[in-house]
Amino acid sequence: QVQLVESGGGSVQVGGSLRLSCAASGYIASLGCMGWFRQRAGAVGNKREAIAAIDTDGRTIATDPAKARFTISRDKAKNSLYLQMSNLNSEDTGTYYCAAAPVDCTLAYPHGMDYWGYGTLVTIST
């Protein structure tokens with residue numbers, strides 16, 4: 001089993017930045033793809049939106065919201081995943097989740113992630 005714990009959420013003003021972290025523990029030798037998702041307040045059906053993912057070799061996959069303002073990174077030595085977010089706006093408010101899978105992102109992202117954290121709340125205020 002793999003445990004994922006997110007941190008770094010909080011309240012920032014429009015235009016601000018945040019860096020989210022995700023610490024992995026447990027059977028980390030099995031980790032392949034790691035990624036970030038978010039659930040925006042009021043999302044229809046509580047849908048989780050894929051943001052970005054990264055493989056063990058550093059290759060990244062990003063969906064449209066992430067390409068311009070979000071950067072995913074990974075520190076294998078620290079078993080950690082990061083999401084640097086900049087120029088935040090009210091549409092970015094929501095709960096951000098870290099997820100992982102034992103296979104490459106081409107196989108797991110976004111619908112085949114096996115492990116999930118409990119999320120960290122990001123609130124963008126005007």
Side-chain angles (χ1 to χ4, degrees):
Q1 273 287 1
V2 173
Q3 293 79 43
L4 303 172
V5 179
E6 303 93 338
S7 62
S11 180
V12 295
Q13 291 188 325
V14 170
S17 300
L18 272 178
R19 187 187 192 219
L20 305 182
S21 300
C22 172
S25 62
Y27 189 49
I28 56 177
S30 68
L31 281 182
C33 181
M34 296 187 76
W36 288 101
F37 296 73
R38 70 182 177 189
Q39 186 173 31
R40 288 194 269 187
V44 175
N46 293 323
K47 180 182 177 181
R48 289 186 184 181
E49 175 186 354
I51 298 174
I54 185 168
D55 270 316
T56 55
D57 61 2
R59 288 178 297 174
T60 60
I61 302 173
T63 56
D64 286 340
K67 287 180 180 175
R69 300 181 294 116
F70 297 172
T71 302
I72 191 171
S73 62
R74 181 172 182 170
D75 187 332
K76 289 189 290 183
K78 295 182 178 180
N79 303 314
S80 294
L81 179 73
Y82 306 98
L83 186 68
Q84 179 67 47
M85 306 187 292
S86 61
N87 194 22
L88 291 162
N89 59 60
S90 59
E91 293 291 309
D92 297 316
T93 292
T95 300
Y96 285 68
Y97 297 89
C98 171
V103 296
D104 288 347
C105 292
T106 52
L107 298 173
Y109 183 77
H111 301 297
M113 307 298 273
D114 295 295
Y115 309 111
W116 292 84
Y118 287 103
T120 185
L121 181 62
V122 172
T123 303
I124 311 303
S125 59
T126 56

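Residue numbers start at 1 and run along the sequence shown.
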Mind checking the [atom1]-[atom2] spacing from [X] to [Y]? Nearest 0.5 Å is all I need.
{"X": "Leu88", "Y": "Arg69", "atom1": "CG", "atom2": "CZ", "result": "6.0 Å"}
{"X": "Arg48", "Y": "Trp116", "atom1": "CZ", "atom2": "CH2", "result": "5.5 Å"}
{"X": "Ser86", "Y": "Arg19", "atom1": "OG", "atom2": "CZ", "result": "13.5 Å"}

Under a 4.5 Å cut-off applied to non-hydrogen side-chain atoms, are [X] and [Y] in contact?
{"X": "Thr95", "Y": "Thr120", "value": "no"}
{"X": "Gln3", "Y": "Tyr115", "value": "no"}
{"X": "Leu81", "Y": "Ile54", "value": "yes"}
{"X": "Ser17", "Y": "Gln84", "value": "yes"}

Practice item. Keeping the roles fixed (side chain from Arg40, backbone from Glu91), state whether a donor-acceptor pair exists under 3.5 Å. Key: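 Answer holds: yes.
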Review point. Do Asp75 side-chain atoms and Lys78 backbone N/O form a donor-acceptor pair below 3.5 Å?
Key: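 Between the backbone of Lys78 and the side chain of Asp75 there is a qualifying donor-acceptor contact (under 3.5 Å).
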Review point. Which residues satisfy the ring-ring contact (aromatic ring centres under 6.0 Å, His included) test with Tyr96, sequence neighbours excluded?
Key: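 Scan of Tyr96 (ring-ring contact (aromatic ring centres under 6.0 Å, His included), adjacent residues dropped) gives none.
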Point to revise | Criterion side-chain contact (heavy atoms from CB on, under 4.5 Å) against Met85, the qualifying member of Asp92, Val12, Val122 | key: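 Per the side-chain contact (heavy atoms from CB on, under 4.5 Å) rule, the option paired with Met85 is Val122, out of Asp92, Val12, Val122.
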Check your understanding: Should Ile124 and Leu121 be regarded as members of a common hydrophobic cluster, given that ILVMFWY residues are connected when their side-chain heavy atoms come within less than 4.5 Å of each other, either directly or indirectly?
Key ->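 No; tracing contacts between hydrophobic side chains, which count when under 4.5 Å, never links both residues.
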Check your understanding: Can you hop from Leu20 to Leu4 via hydrophobic side chains spaced under 4.5 Å?
Key ->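 The answer is yes; both residues are in one hydrophobic cluster.
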Practice item. Quick one: list whatever passes side-chain hydrogen bond (donor to acceptor under 3.5 Å, both in side chains) with Asp57, sequence neighbours left out. Key: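 By the side-chain hydrogen bond (donor to acceptor under 3.5 Å, both in side chains) rule, Asp57 matches Arg59.
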For residues 97-113, dump all side-chain donor-acceptor pairs below 3.5 Å to protein atoms at least two apart in sequence or in another chain.
residue : atom : partner : partner atom : Å
Tyr97   : OH   : Gln39   : OE1          : 3.3
Tyr109  : OH   : Ile51   : N            : 3.3
Tyr109  : OH   : Ala52   : N            : 3.0

How far apart are the closest heavy atoms of [X] and [Y], and which atoms are they?
{"X": "Leu83", "Y": "Trp36", "value": "CB-NE1, 3.4 Å"}
{"X": "Met34", "Y": "Cys22", "value": "CE-SG, 4.3 Å"}
{"X": "Leu18", "Y": "Gly8", "value": "CD2-O, 3.6 Å"}

Point to revise | Evaluation steps, side-chain contact (heavy atoms from CB on, under 4.5 Å), between Tyr82 and Arg74 | key: CA-CA 6 Å; Tyr82 306 98; Arg74 181 172 182 170; over 6 Å; no
